[in-house]
Amino acid sequence: MEKMKADIVEFFKLPLEEKKAFAQLPNNLEGYGQAFVVSDDQKLDWADMMYLITRPLQSRNIDLWPSQPLTFRDSLSCYSMKLKSVAGTLLEVMAKNLGVAPEEFSTIFQDQPQGVRINYYPPCPRADEVLGLSPHTDGSGLTLLLQVNDVEGLQIRKGGNWFPVKPLPGALVANIGDIIEILSNGIYKSVEHRAIINATEERLSISTFHGPREYSMVGPLAEIVKGCKPKYVSMSYEEFMKTYFSAKLEGRSLMENLKL
Ligand SMILES: O=C(O)CCC(=O)C(=O)O
Ligand SMILES: [Fe+2]
């Protein structure tokens, strides 16, 4: 964890030209750049980010993984493996809590697809006029978030109010994503969150998203809706992601639209 954090800090310190060697290609989210750009005249969030697919292994695009600092690729591989195991354990516990056979979850999350987004939020003297990341829920099953330095910025929304999540050294924040909300028919709720900006200090975080395998169907699990009605539409994961990335980040509005 410490090595990953140090390498990330180093990478974002590199001159822009060097970071650009790993820039997103057109119409692709992977690489160094910006997230959630849906139109030319949109006000952008105050952040740079780097998104990399880490699992399944054959989906890795190593050319987009920074080669500077020299240990970056090894650190990320190792971090990815450790987080896969934490996510696997949590998903097992959640399946148990929901009373569904563990195979139901392990089939959907087979090979544990995983993507890592590294968020870099520069300081802004007019911090109260910008947001680092607009309110949203994650389109993943389960997100494990590591706050890289001790600058506060993550907030979660509950009952209409925003609450700060203080960085704890060595701790991961586990955020339920939309996919688990849908599979569990709303028993687990995906958490609405945002990142705010600090006026004088930069902030860094790494979100590790765990989602279903390619071509899986995402809908309330049959075992859960046995005695009740499904509350969400079912669709393929591809279709869900298309909808997710074409919508503006607007809190829980996407999830509300998917409700039956
Ligand atoms: O920077 C943070 O704490 C939040 C990041 C986040 O929500 C995301 O990457 O989806
Ligand atoms: Fe998020």
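Ligands are counted one by one from 1 in listed order, and the atoms in each one are counted from 1 as well. Along the sequence shown, the residues carry numbers beginning at 1.
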Mark yes when over 12 heavy atoms from residues, nucleotides or ligands other than Trp46 sit less than 6.0 Å from its CH2; otherwise mark no. no
NZ of Lys5: more than 12 outside heavy atoms within 6.0 angstrom? yes
Atoms of the protein (N/O/S only) found under 2.8 Å from the Fe ion (ligand 2): His136 NE2, Asp138 OD1, His193 NE2
Sub-4.0 Å heavy-atom environment of ligand 1, residues by chain: Arg117, Asn119, Tyr121, Leu133, His136, Asp138, Leu145, Leu154, His193, Arg203, Ser205, Ser207, Phe209
Validation: residues 171-191 side-chain donor-acceptor distances under 3.5 Å, sequence neighbours left out:
| residue | atom | partner | partner atom | Å |
| --- | --- | --- | --- | --- |
| Asp178 | OD1 | Thr137 | OG1 | 2.8 |
| Asp178 | OD1 | Ser190 | OG | 2.8 |
| Asp178 | OD2 | Thr137 | OG1 | 3.3 |
| Glu181 | OE1 | Ser190 | N | 2.8 |
| Glu181 | OE1 | Ser190 | OG | 3.0 |
| Glu181 | OE1 | Arg252 | NH1 | 3.0 |
| Glu181 | OE1 | Arg252 | NH2 | 3.4 |
| Glu181 | OE2 | Tyr232 | OH | 2.6 |
| Glu181 | OE2 | Arg252 | NH2 | 2.8 |
| Ser184 | OG | Ile180 | O | 2.9 |
| Ser184 | OG | Glu181 | O | 3.3 |
| Ser184 | OG | Ile187 | N | 3.3 |
| Ser184 | OG | Tyr188 | N | 3.0 |
| Asn185 | OD1 | Lys231 | N | 2.7 |
| Asn185 | ND2 | Lys229 | O | 3.1 |
| Tyr188 | OH | Asn97 | ND2 | 3.1 |
| Lys189 | NZ | Gly186 | O | 2.8 |
| Ser190 | OG | Arg252 | NH1 | 3.2 |

Using a 6.0 Å distance limit plus a 45 degree cone around the ring axis, check whether Arg194 lies over the aromatic ring of Trp162. yes
Please output the side-chain donor-acceptor pairs of residues 121-130 that fall under 3.5 Å, not counting sequence neighbours, one pair per line with the distance.
| residue | atom | partner | partner atom | Å |
| --- | --- | --- | --- | --- |
| Arg126 | NE | Glu129 | OE1 | 3.3 |
| Arg126 | NE | Glu129 | OE2 | 3.3 |
| Arg126 | NH2 | Glu129 | OE1 | 2.8 |

Would you say Phe12 and Glu202 make side-chain contact, with heavy atoms under 4.5 Å? no
Under the criterion side-chain contact (heavy atoms from CB on, under 4.5 Å), I'd like the reasoning laid out for Ile196 against Arg203: C-alpha separation, chi angles, the key distance, then a yes or no. CA-CA 10 Å; Ile196 60 165; Arg203 176 170 177 266; over 6 Å; no
Are there over 12 heavy-atom neighbours, none belonging to Asp150, within less than 6.0 Å of that residue's CG? no
Do Lys242 and Glu239 meet the salt-bridge criterion of a basic N to acidic O distance under 4.0 Å? no
